[in-house]
Amino acid sequence: MLKRFNLSLLVFAMALFVVSCANDTEAETREAAVTAITPTATQPAANANTPAQPTQPAAPAGPTTTMSFDEMVYDFGTVSAGEKVRHVYTFKNTGNEPLVISNARGSCGCTVPQWPQEAIAPGDDGEIVVEYNSKGKSGNETKTVTITANTEPAVTKLTIKGIVEAAAATNDVQVIQ
């Protein structure tokens with residue numbers, strides 16, 4: 001019975017995730033709902049009647065440091081549906097310990113971050129590259145990238161936003177004689 005419930009819950013959560021990328025004004029809310037109800041394999045349930053709660057990626061263990069970004073929000077302006085936008089967020093380790101980014105996650109599959117895998121020494125700079133794919137999107141778009149690191153606080157959010165113009169419909173008429 002519990003296995004069937006968990007499977008149903010997982011299917012429901014996956015359906016919500018797929019739909020979440022379709023409507024950006026509710027994407028963040030839906031992602032939070034999916035996260036809140038989706039059990040994880042790495043966290044056992046407290047008992048058979050209580051589903052497990054998901055965990056955020058853990059910040060690296062050890063001393064914490066601080067980081068500052070040149071900008072936290074990037075507005076890409078107006079693009080046509082299907083265009084990819086790439087932006088580099090530059091940051092500096094402003095603390096006294098090496099900075100270790102353990103994870104960077106986009107709010108949707110259309111937003112993909114790349115981050116340094118090696119530690120950033122105190123005083124050094126680093127970059128997080130974010131690529132946003134506007135395929136299938138239209139209207140105002142706002143996406144976030146959640147960064148988990150050995151910082152205080154452990155989670156930092158970056159934002160990428162802009163306007164996506166819908167692809168123009170084509171009226172290809174084929175004349176058959």
Side-chain angles (χ1 to χ4, degrees), residues 13-14 16-38 53-60 62-168:
M14 289 173 56
L16 278 178
F17 180 76
V18 169
V19 173
S20 72
C21 286
N23 186 346
D24 297 305
T25 59
E26 299 175 6
E28 296 277 332
T29 303
R30 286 189 188 134
E31 181 183 10
V34 169
T35 301
I37 62 172
T38 305
Q53 294 299 315
T55 59
Q56 289 289 334
T64 60
T65 190
T66 56
M67 66 191 297
S68 65
F69 283 85
D70 290 345
E71 63 182 333
M72 302 286 289
V73 177
Y74 173 68
D75 186 337
F76 58 80
T78 303
V79 299
S80 297
E83 285 187 57
K84 290 183 180 179
V85 176
R86 180 181 162 112
H87 183 68
V88 178
Y89 292 88
T90 304
F91 64 89
K92 180 180 212 109
N93 179 351
T94 54
N96 298 318
E97 300 292 334
L99 170 66
V100 178
I101 299 174
S102 60
N103 194 24
R105 184 186 61 174
S107 59
C108 181
C110 59
T111 308
V112 180
Q114 296 175 334
W115 66 95
Q117 301 299 309
E118 67 283 345
I120 307 296
D124 284 355
D125 295 328
E127 296 178 340
I128 295 178
V129 179
V130 176
E131 184 172 283
Y132 167 72
N133 186 348
S134 67
K135 181 179 179 184
K137 309 290 185 198
S138 66
N140 290 326
E141 289 286 308
T142 300
K143 299 296 181 184
T144 59
V145 173
T146 303
I147 300 162
T148 306
N150 65 327
T151 54
E152 187 59 44
V155 173
T156 303
K157 291 195 181 234
L158 302 175
T159 302
I160 187 167
K161 67 180 186 172
I163 300 170
V164 179
E165 293 180 336

With rounding to the nearest 0.5 Å, note down the distance linking CD1 in I128 to CH2 in W115.
9.0 Å
Can you pull out every side-chain hydrogen bond (donor to acceptor under 3.5 Å, both in side chains) where at least one residue sits in residues 64-73? Sequence neighbours excluded, please.
T65-N93, T66-T94, E71-H87
Would you say N150's side chain and P98's backbone share a donor-acceptor pair under 3.5 angstrom?
yes
Please step through side chain to side chain contact (heavy atoms under 4.5 Å, CB included) for the pair T148 and R105, ending with a clear verdict.
CA-CA 9 Å; T148 306; R105 184 186 61 174; over 6 Å; no
Is the side chain of S134 donor-acceptor paired with the backbone N or O of E83 at a distance under 3.5 Å, no angle test?
yes
Could you give the distance from CD1 (I120) to CD (E127), rounded to the nearest 0.5 Å?
9.5 Å
Strictly distance-based, threshold 3.5 Å: is any side-chain N or O of Y89 a donor or acceptor partner for the main-chain N or O of T159?
yes
Which class fits the ring pair F76 and Y132: parallel under 30°, tilted 30 to 60°, perpendicular over 60°?
parallel
Using the test salt bridge (Lys or Arg N to Asp or Glu O under 4.0 Å), find all partners of D125 that sit at least two apart in sequence or belong to another chain.
K92
Would one find more than 12 heavy atoms of other residues, nucleotides or ligands at under 6.0 Å from atom CG of N96?
no
Exactly one candidate in V79, N140, D75 meets side-chain contact (heavy atoms from CB on, under 4.5 Å) with I163; the answer is N140
Approximate separation, where rounding is to 0.5 Å, of K143 NZ and I160 CD1:
11.0 Å
To the closest 0.5 Å, what do you measure between CD1 (I101) and CZ (F91)?
4.0 Å
